[in-house]
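Below you'll find the structure, written out as structure tokens, and then a few comments.
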Amino acid sequence: MALRAAPPPCAAGRCLPSSPTPRVGSTRAFRSLASAAPAPHRTSAVCTKAISNSDGTPGTSDSPHVVCFGELLIDFVPTVSGVSLADAPAFKKAPGGAPANVAVGIARLGGSSAFIGKVGDDEFGYMLSDMLKENNVNNQGLLFDTHARTALAFVTLRSDGEREFMFFRNPSADMLLEEKELDLDLIRKAKIFHHGSISLITEPCKTAHIAASKAAKDAGVLISYDPNLRLPLWSSADDARDGILSIWDTADLIKVSAEEISFLTNGEDPYDDSVVKKLIHPNTKLLLVTEGPDGCRYYSKEFSGKVGGLKVTAVDTTGAGDAFVAGILYKLAMDSSLLQDEARLREALKFANICGALTVTERGAIPALPTPQQVADALTNVVA
């Protein structure tokens, strides 16, 4: 997506001034961006407009079915695999951030979603705002911060498609979202509230995160939680474990990877059902464990099992888990009763597994998120 100036003011709602944004092209500008220098002159507001779903039907811009809360950033992904950051010859710029990936993934499947968070008052921030609108994601809860830059993450790809991260957040704008800036009505009207753990790391975003989750819980909204462990962002492993588990009991649906189970249980076997069941709390409606190409396991109070995945050649695993979450939340937003019907749940998880698998076949998270037709074409290849 080409960088461009922010959109002009709109006639209604909270709007932006029309003065242009300086281009970020020089080495000096790039270094300023990475070091989170103050951004110039724009207000912390965003124009919104009516949206439509990917099938052309009107979207619910005032009450999206799934509201995703957290970080929205730029991933820089090497153009070749199996190299260090220093040895990478070039990087591909791609929108990212786990909660934003989920919001876009749902919308791309034809669902109704919104994103709440904050980006910098800079060209990357406006590029990301445009990206949400272009993907039919409601962005009325997206704010711009004039004191911090949009977050950046440089992602190295090993030869097996797995990743290593280097983050630029000193602080980044997403860390500065305040409770008073939340659009609580947007949250309360949703069917599902989805969040992660990265926005729990620092204040003031931590307080805003907890307030948003509480508003959703008090309104009877289904709470979806993907811890999305990024250990380098936390001050220590113990702080990461404590932070992730601090809101564990509030979630109705939890998605974790096998590696995250091992981390949260201090090294216990993530493939042992008795270990996984330790993470089920009284409020848990569904606990999902993703296993990459091998599919996923599911655990509820009534049943448990495994659904096989789709075997593909992994180019970049960035966003695979988010695409999986988007797939299952898309299905749940249409009919939450499948949580009580194992046969229908398995079909929904098969769908979600395909969403995750297709995403690893391209570089970057959001650019690789699948369409309904791509999922339908792949369905026949899924292991039962």
Quiz item: Are the side chain of R344 and the backbone of L339 linked by a donor-acceptor contact shorter than 3.5 Å?
Solution: no
Practice problem: Output the distance between atom CG (L253) and atom CG (D226), rounded to the nearest 0.5 Å. | Solution: 10.0 Å
Exercise. Give, for atom CD1 of I254 and atom CD1 of I247, the distance between the pair rounded to the nearest 0.5 Å.
Key: 9.0 Å
Quiz prompt | Distance, nearest 0.5 Å, that separates CD of Q374 from CZ of R108 | solution = 8.5 Å
Exercise. Give the minimum heavy-atom separation between S246 and L200, together with the two atoms involved.
Key: OG-CD1, 4.3 Å
Quiz item: Do M175 and I201 sit in the same hydrophobic cluster, where Ile, Leu, Val, Met, Phe, Trp and Tyr count as joined when their side-chain heavy atoms come under 4.5 Å apart?
Solution: no
Quiz prompt | H281 (side chain) donor-acceptor with A251 (main chain) under 3.5 angstrom | solution = yes
Quiz item: Got E71 and N228 here, is their nearest side-chain heavy-atom distance under 4.5 Å?
Solution: yes
Quiz item: Between K206 and E203, is there a side-chain N and carboxylate O pair less than 4.0 Å apart?
Solution: no
Quiz item: Is the CE atom of M334 crowded by more than 12 outside heavy atoms at less than 6.0 Å?
Solution: yes
Self-check item: Short N-O contact, D185 and K189, less than 4.0 angstrom
Solution: no
Quiz item: Between L177 and F69, which heavy-atom pair has the shortest distance, and what is it?
Solution: CD2-CE1, 3.5 Å
Quiz item: Do N353 side-chain atoms and G308 backbone N/O form a donor-acceptor pair below 3.5 Å?
Solution: yes
Quiz prompt | Where Y299 and D273 come nearest, the two heavy atoms and their spacing | solution = OH-OD1, 2.6 Å
Quiz prompt | F193 to S213 - nearest heavy-atom pair and separation | solution = CE2-CA, 3.8 Å
Practice problem: Using the side chain to side chain contact (heavy atoms under 4.5 Å, CB included) rule, take D294 and K311 through it: C-alpha gap first, then chi angles, then the decisive distance, then the call. | Solution: CA-CA 8 Å; D294 294 326; K311 308 295 182 182; 3.0 Å; yes
Practice problem: Return yes if some donor-acceptor pair links the side-chain N/O of N283 with the main-chain N/O of D249 below 3.5 Å, else return no. | Solution: yes
Quiz item: Is the side chain of S129 donor-acceptor paired with the backbone N or O of Y126 at a distance under 3.5 Å, no angle test?
Solution: no
Quiz item: So do T207 and P204 actually touch side chain to side chain, heavy atoms under 4.5 Å?
Solution: no
Quiz item: Have S172 and D174 got a donor and an acceptor in their side chains that come within less than 3.5 Å?
Solution: yes
Practice problem: Examine L73 and V325 and state if one hydrophobic cluster contains both, with Ile, Leu, Val, Met, Phe, Trp and Tyr joined whenever side-chain heavy atoms are less than 4.5 Å apart. | Solution: no
Exercise. Please determine, by modelled atom types, if Y298 and R346 share a side-chain donor-acceptor pair under 3.5 angstrom.
Key: yes
Quiz item: Rounded to the nearest 0.5 Å, what separation is found between the NZ atom of K92 and the CG atom of D75?
Solution: 11.0 Å
Quiz item: Are L379 and L109 joined in one hydrophobic group, where the rule is that I, L, V, M, F, W and Y side chains link up if heavy atoms are under 4.5 Å apart?
Solution: yes
Quiz item: Heavy-atom distance under 4.5 Å between the side chains of F168 and R149, does that happen here?
Solution: no
Exercise. Measure across Y330 and G110 and return the closest heavy-atom pair with its distance rounded to 0.1 Å.
Key: CE1-C, 4.0 Å
Quiz item: When rounded to the nearest 0.5 angstrom, what distance separates OG1 in T318 from CZ in F165?
Solution: 5.5 Å
Self-check item: V104 side chain reached by M131 side chain, heavy atoms, under 4.5 Å
Solution: yes
Exercise. Could you tell me whether a side-chain N or O of D252 sits under 3.5 Å from a main-chain N or O of I223, the two making a donor and an acceptor?
Key: yes
Quiz item: Taking atom NZ of K217 as the centre, does the number of heavy atoms from other residues, nucleotides or ligands within less than 6.0 Å exceed 12?
Solution: yes
Quiz item: What heavy-atom pair brings P99 and C68 nearest, and what distance separates the two atoms?
Solution: O-CB, 3.3 Å
Quiz item: Mind checking whether K133 and D130 have side chains closer than 4.5 Å, heavy atoms only?
Solution: yes
Practice problem: Decide yes or no on side chain to side chain donor-acceptor pair (under 3.5 Å) for S224 and H194, but give the supporting numbers first. | Solution: CA-CA 5 Å; S224 167; H194 175 72; 2.8 Å; yes
Quiz item: If we only count heavy atoms from C-beta on, is the W248 to P227 side-chain gap below 4.5 Å?
Solution: yes
Quiz item: For the residue pair H195 and Y225, does the interplanar ring angle fall in the parallel (under 30°), tilted (30 to 60°) or perpendicular (over 60°) class?
Solution: tilted
Quiz item: Do V137 and F144 share a hydrophobic cluster (ILVMFWY, side-chain heavy atoms under 4.5 Å, transitive)?
Solution: yes
Practice problem: Check the angle between the aromatic planes of F154 and F91 and answer parallel, tilted or perpendicular using the 30° and 60° thresholds. | Solution: perpendicular
Practice problem: For I116 and L182, run side chain to side chain contact (heavy atoms under 4.5 Å, CB included): C-alpha distance rounded to whole Å, both residues' side-chain angles, the deciding distance at 0.1 Å, then the answer. | Solution: CA-CA 8 Å; I116 292 178; L182 293 174; 4.2 Å; yes
Quiz item: Cluster question for you: counting only ILVMFWY and a side-chain heavy-atom cut-off of under 4.5 Å, with indirect links fine, are L143 and L176 together?
Solution: no
Practice problem: Please examine the side chains of R297 and E291, heavy atoms only from C-beta on, and report whether any two atoms are closer than 4.5 Å. | Solution: yes
Quiz item: What do the steps show when you test V83 against T156 for side chain to side chain contact (heavy atoms under 4.5 Å, CB included), and what is the final call?
Solution: CA-CA 7 Å; V83 297; T156 61; over 6 Å; no
Quiz item: Does L358 offer a backbone N or O that forms a donor-acceptor pair with the side chain of T361 under 3.5 Å?
Solution: yes
Self-check item: Audit row: V276, V289, side chain to side chain contact (heavy atoms under 4.5 Å, CB included) steps and yes/no
Solution: CA-CA 9 Å; V276 177; V289 182; 4.0 Å; yes
Quiz item: Would a distance-only check, ignoring hydrogens and angles, find a side-chain to backbone donor-acceptor pair under 3.5 Å from T359 to C355?
Solution: yes
Quiz prompt | Side chain proximity check, F115 to L142, heavy atoms < 4.5 angstrom | solution = yes
Quiz item: Could you walk me through whether D238 and S236 pass the side chain to side chain donor-acceptor pair (under 3.5 Å) check?
Solution: CA-CA 5 Å; D238 286 342; S236 69; 5.3 Å; no
Self-check item: E260 (side chain) donor-acceptor with L229 (main chain) under 3.5 angstrom
Solution: yes
Practice problem: Kindly compute the distance separating CD1 (I280) from NZ (K301), expressed to the nearest 0.5 Å. | Solution: 7.5 Å
Quiz item: Can you tell me if D122 uses its side chain to pair, donor with acceptor, with the backbone of T150 under 3.5 Å?
Solution: yes
